[in-house]
Amino acid sequence: MRSTVRGEQPAPAGGSISELRTAGGYLRGLGAFLTRPQDFEEGRGRLERQMARRQRTFADVLQRAVFENPGSPYRRLFAWARITQADVARLLAETGVEGTLERLHDAGVHVHLDEFKGRRPIVRPGLDLEVRAEDFDNPLTTRQYEARTGGSSGAARRILVDLGLLEHESAYHASFLAATGTGDRALAIWHPAPPGAVGIKTALIRSKLARPAEKWFSQTPLNAGSLKHAAFTRATVLTARLCGAPVPMPEYTPAQDVGRVVAWLARKCAQGEPAILVTTASAGVRTCTAAIDAGVDIRDTLFILGGEPFTPAKAELIARTGSRAASHYAMVEAGAIGVACQAATHPDDVHLLGDKVATIRRDLVVGDSGRPLPALFHTTLLHASPKVMLNVESGDYGVLEDRDCGCRALPPPFRRHLHTIRSYEKLTSEGMSFLGGDLLTLVEQVLPARFGGYPTYYQFVEREQAGLPKVSLVVSRAVGKLDAALVVETVLDFLRRRGLAAAMIASMWTQGRTLEVLRGDSHVTSGGKIQPLQVVE
């Protein structure tokens, strides 16, 4: 259900009729989805079977969505690299999925993050291919509902989500909850309402597991997106109730009202039934900080986190309340990528979901640092994935390892782990991602034009402070006197003008008081370059 944002034209009448048909199909599919609860044993069996046939599934997706699809950007990449479908079949037989992907990556068959977002063309020697984000939509899926990515582009970047994918992902969640012994606990969500994707997906999966969420606290009002998103949410809630698998209506709960979340968790704790809170890492820390400051007991709460790095500092603060946390790993474009390990060696240690996403690591020199980072590239393997991803750069790096942990969060074949996941391409705070291209626009154009000086006089710095994310805009003293509040408002106003997703970032940063202005010198790399973003560990 595409919304109209600033700079876009309303959809033609034909598009509206198509959207009504899509909405009707979604609601009919939703009824079938919710009236067939996910069975734990059946779900684990499904995951094991898909893991066993992942290579065949990948080959079929490539054939139908890439080689037989004239509009696929990957088809053009394969042709440019002079790699045929028969070549891929031979590589799969010889080296398996990950080995094939590594060979393809090294031959130039990969897509950088800005290319995948449709923000710049795919450029290789002898190839200059203009692409849109929609060009990577999976033609094999059933278009059922649309959500927005957490990125800040003003373009309408659609994510088509198939209820079949949610059914598959509910098996991961059932397995994880069984391993943690929390399957019967009450659960609340603290994620934005649509067009945000995580909240509605979590609510639907919980209802699929026959254990509906009790509360949905939302950092954004229901009408923050568009009338279509609000109507979609209300229709989903109504349909779910009629099916006997209720989905709670989002309740506007900005960061400053964290006390409402704490009070709900405390009531559950006082009743001897500690609950689960699904939220971002920073919102989890904010909840625990508020509980500590108020002297409120929320011990034994399980925080299921995502959306940003889960660091030792965040883990330590949550542990101070007597609670525990599990951090999953996901991309909106791919859905879940990793499920938290229960025998974790690091706070963000996850089992990679190798049946639906293949992950490889390739050294990538970022900026002018000269230092290679172990960048992560993801490939979707399921027919139901909303996007076709083939060696798509995630903007993250981390540590990959194979080990048998014995935690039973997932079946035994899921033995590949990822931890110490960090971002190099984007600011990631409050569960939102702010891409490097927009950082460049701010520091090189918007801020110098408004306040004076040169692009090198401005630099964003991301760090943690007491477990919470803090984004600083460092401004050189050479700029002269500044009204810090006006600088902050200029950045937020830039975001608000970039579309719905960026406006959500502005709202979250305003609530959390995430952005501050500091005066001083920018960090200079060993190569003498000032990057628009500096991450401080």
Side-chain angles (χ1 to χ4, degrees), residues 149-154 192 196 219-220 224 254-258 279-286 289-290 307-309 311 313-314 395 422-453 455-477 479 481-523 530-537:
T149 67
S152 59
S153 169
Q219 292 94 336
T220 57
Q256 55 266 35
D257 289 342
V258 63
T279 189
T280 64
S282 54
V285 168
R286 184 169 287 113
T289 301
E308 57 196 303
T311 61
K314 291 184 175 77
R422 301 291 183 267
S423 175
Y424 58 82
E425 182 72 13
K426 53 192 181 288
L427 284 169
T428 308
S429 59
E430 304 292 350
M432 298 287 178
S433 298
F434 185 13
L435 290 178
D438 283 331
L439 293 175
L440 277 174
T441 300
L442 273 168
V443 302
E444 293 186 355
Q445 301 176 35
V446 176
L447 295 172
R450 179 69 178 82
F451 299 104
T456 53
Y457 285 4
Y458 301 87
Q459 183 181 56
F460 285 92
V461 176
E462 184 179 34
R463 70 184 190 281
E464 279 192 7
Q465 182 175 303
L468 289 171
K470 202 70 180 178
V471 178
S472 301
L473 175 60
V474 179
V475 183
S476 171
R477 294 183 179 88
V479 173
K481 290 185 178 181
L482 277 180
D483 182 339
L486 182 58
V487 176
V488 169
E489 183 55 33
T490 299
V491 173
L492 296 177
D493 185 61
F494 171 83
L495 289 173
R496 296 185 190 109
R497 293 172 182 271
R498 298 290 286 174
L500 284 174
M504 288 173 66
I505 298 174
S507 175
M508 300 287 281
W509 281 9
T510 300
Q511 293 177 30
R513 299 180 181 178
T514 305
L515 182 63
E516 65 179 1
V517 175
L518 301 177
R519 304 305 298 273
D521 297 325
S522 299
H523 174 81
I530 297 176
Q531 305 279 17
L533 168 63
Q534 175 71 20
V535 179
V536 178
E537 294 287 347

Shortest non-hydrogen contact between [X] and [Y], atoms and distance:
{"X": "Gln219", "Y": "Ser507", "value": "O-OG, 4.4 Å"}
{"X": "Pro192", "Y": "Thr220", "value": "CB-OG1, 3.5 Å"}
{"X": "Val258", "Y": "Arg286", "value": "CG2-O, 4.0 Å"}
{"X": "Ser282", "Y": "Lys314", "value": "N-CE, 4.3 Å"}
{"X": "Gly520", "Y": "Val474", "value": "O-CG1, 3.7 Å"}
{"X": "Gly453", "Y": "Pro448", "value": "O-CB, 3.7 Å"}

Quick one, [X] and [Y] - any side-chain contact, counting heavy atoms below 4.5 Å?
{"X": "Val517", "Y": "Val475", "value": "yes"}
{"X": "Val479", "Y": "Arg519", "value": "yes"}
{"X": "Val491", "Y": "Val446", "value": "no"}
{"X": "Thr510", "Y": "Arg496", "value": "yes"}
{"X": "Asp483", "Y": "Val487", "value": "no"}

Between Glu489 and Arg450, is there a salt bridge with N-O shorter than 4.0 Å? no
Donor-acceptor pair, Thr280 side chain versus Ala283 backbone, under 3.5 Å? yes
Could you state the interatomic distance from [atom1] ([X]) to [atom2] ([Y]), rounded to the nearest 0.5 Å?
{"X": "Phe451", "Y": "Leu482", "atom1": "CZ", "atom2": "CG", "value": "6.5 Å"}
{"X": "Leu442", "Y": "Phe494", "atom1": "CG", "atom2": "CZ", "value": "4.5 Å"}
{"X": "Leu515", "Y": "Trp509", "atom1": "CG", "atom2": "CH2", "value": "6.0 Å"}

side-chain contact (heavy atoms from CB on, under 4.5 Å) between Leu447 and Thr490, worked out: CA-CA 8 Å; Leu447 295 172; Thr490 299; 4.2 Å; yes
For side-chain contact (heavy atoms from CB on, under 4.5 Å), just list the numbers for Leu473 and Gln459, CA-CA rounded to whole Å, side-chain angles, deciding distance to a tenth of an Å, and then say yes or no. CA-CA 6 Å; Leu473 175 60; Gln459 183 181 56; 6.0 Å; no
